[in-house]
Asks: 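This is the structure, below, for whatever I ask next.
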Protein chains: 2
Amino acid sequence: MARRNEERRAALLDAAIEVLAAEGARGLTFRAVDQRAAVPAGTASNYFANRDELLTQAGGRVYERLGPGEAVLAAGFDGPRDRARLTELMHDLVARVTAFPTGFLALLELRLESTRRPELREVLTARIRADLEGNLAYHESAGLPGDRSTVLLLYLALNWLVLEQLTLPELLPDQQRHGLVTTLVERLLDAGPQA
Amino acid sequence: MARRNEERRAALLDAAIEVLAAEGARGLTFRAVDQRAAVPAGTASNYFANRDELLTQAGGRVYERLGPGEAVLAAGFDGPRDRARLTELMHDLVARVTAFPTGFLALLELRLESTRRPELREVLTARIRADLEGNLAYHESAGLPGDRSTVLLLYLALNWLVLEQLTLPELLPDQQRHGLVTTLVERLLDAGPQA
DNA sequence: AAGTTAGCACTACACCCGGAGTGGTATCAA
DNA sequence: TTGATACCACTCCGGGTGTAGTGCTAACTT
């Protein structure tokens, strides 16, 4: 008996993200989602046929909510196209992702879970690839300095930087993290464009 | 009733690492460890007072097993100290970590679990800091090119590169990953030393 | 405007799975 | 013989699933 209230469904998925971040992939149960969403027990059961569906749709939901950030970036088409601008954008990016910590953590949990669920891995791969391609396309069309490798290397390093901050915040002081972003852009660019 | 057979204890911790990687932090139960280690049910209960102990000791065990890799690196004190050498070392590093995938994944699970367990976070922070400091010290004493920031940025980017390979291998083709390592070292060094 | 119906929120129940912890027994070594 | 440890079995407990059943509400019909 599938329920069709989209608003409620979205609320359940948001709750699922919170649960993923707070309890881990294994802790994502229908009951836990019900509880987190403050709806009566059994509700999530009625909206999702099984755990797999809940998992994959939760992954999609994270990107739905992270998406608007891209729109914000798109508003940054004006302004200079130099290194300072890119540095600023990267600082903003890190801040934006960090501001939705449960989303980032949920995505990580899903990555680990996808080790065991080929179907989930496919969905995640497709989504993250689309995101990456989007970033590459944006970077190029915005005329920002740096080539494809620049963007990819930024992606790698910044992701782990955020991971570091969210999981072991005491390892690198805030100030050092900030400096690393600046230095990273600097070095990737100075040597980059001619490659 | 604590048992003291160190060999058996190590075998149980190795099993715990496998379980962490395969089932997630939440899947790490005494029974699962028993089963994976092929010992009778209840054995892990006798060796570890509670789950926390099992968790933290498993984290330590990963580094015990990853440690020898550092020793191998130490054997690399001879040879040139140029960019090509560093590139080679980084390729080796990635290969070495990738060769022990369950260790890497277990560590990731522990990071996520440490979000909920302050005690575990402290232990992990200390260990990873020691590892990082070790890398920094090695890099400097070996006279390899690049400064502190170089090492830190390598750490960030390469970690996520490995994560990418282990969780969503279809996202980046092997060849591209390989090229990224080379490019990363290249760009970090060309702009680096004067900073 | 009243009656009818369809869908959904909510509740309760029956079933099942899996893990914790512990006490007892067998086995081996000093 | 005695002490320690490996091994096994048993009981208790918690939590999750899926579904059947009940009432409410809102929209549609005539």
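A note on names: the letters A, B, ... follow the listed sequences, proteins ahead of strands, and every chain is numbered from 1.
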Asks: Can you check whether A/R8 has a side-chain N or O nearer than 4.0 Å to OP1 or OP2 of C/dC8?
Replies: no
Asks: Would you say C/dC8 has OP1 or OP2 under 4.0 Å from some side-chain N or O of A/Y47?
Replies: no
Asks: Please report, rounded to the nearest Å, how far the P atom of C/dC17 is from the CD atom of B/E23.
Replies: 17 Å
Asks: Dump the pairs, protein N or O against N or O of nucleotides 26-30 of chain C, anything under 3.5 Å, distances to one decimal.
Replies:
none

Asks: Taking atom P of D/dA6 as reference, at what distance in whole Å does atom CZ of B/R9 sit?
Replies: 11 Å
Asks: Can you name the closest pair of heavy atoms from B/G103 and B/V62 and give their distance?
Replies: O-CG1, 3.9 Å
Asks: Contact between A/Q57 and A/R9 at the side-chain level, heavy atoms closer than 4.5 Å - yes or no?
Replies: yes
Asks: Rounding to 10°, can you tell me the angle the first-five-pair axis of the helix from C/dA1-D/dT30 to C/dA30-D/dT1 makes with its last-five-pair axis?
Replies: 10°
Asks: Is there a side-chain contact between A/S149 and B/R187, using heavy atoms and a 4.5 Å cut-off?
Replies: yes
Asks: Just the rounded figure in Å: distance from P of C/dG21 to CG of B/D34.
Replies: 12 Å
Asks: I need the full list of salt bridge (Lys or Arg N to Asp or Glu O under 4.0 Å) pairs touching residues 16-34 of chain A, with sequence neighbours left out, sorted by first then second residue.
Replies: A/E23-B/R26, A/R26-B/E23
Asks: Could you tell me how far apart B/L12 (CG) and D/dT5 (C1') are, to the nearest whole angstrom?
Replies: 13 Å
Asks: Could you encode protein contacts along nucleotides 12-19 of chain D as a string, one character per nucleotide from 5' to 3', using B for base contact, S for sugar-phosphate-only contact and - for no contact, with a heavy-atom cut-off of under 4.0 Å?
Replies: ----SBBB
Asks: For residues B/V151 and A/L188: do they belong to one hydrophobic cluster (side chain heavy atoms under 4.5 Å, members Ile, Leu, Val, Met, Phe, Trp, Tyr)?
Replies: no
Asks: If you count the non-hydrogen atoms of other residues, nucleotides and ligands that lie under 6.0 Å from CD in A/E119, is the total more than 12?
Replies: no
Asks: If we only count heavy atoms from C-beta on, is the A/N159 to A/F104 side-chain gap below 4.5 Å?
Replies: yes
Asks: Just to verify, what does B/R127 make a salt bridge (Lys or Arg N to Asp or Glu O under 4.0 Å) with, not counting sequence neighbours?
Replies: none
Asks: Out of B/L20, B/V123, B/L105, which one pairs with B/L110 under the side chain to side chain contact (heavy atoms under 4.5 Å, CB included) rule?
Replies: B/L20
Asks: Do A/L180 and A/L184 touch side chain to side chain, with heavy atoms closer than 4.5 Å?
Replies: no
Asks: Does B/N5 place a side-chain N or O at less than 4.0 Å from the phosphate oxygens OP1/OP2 of D/dA6?
Replies: yes
Asks: Can you sort out the partners of B/E133 under side chain to side chain contact (heavy atoms under 4.5 Å, CB included), two or more places apart, ordered by chain and number?
Replies: B/R129, B/L136, B/R148
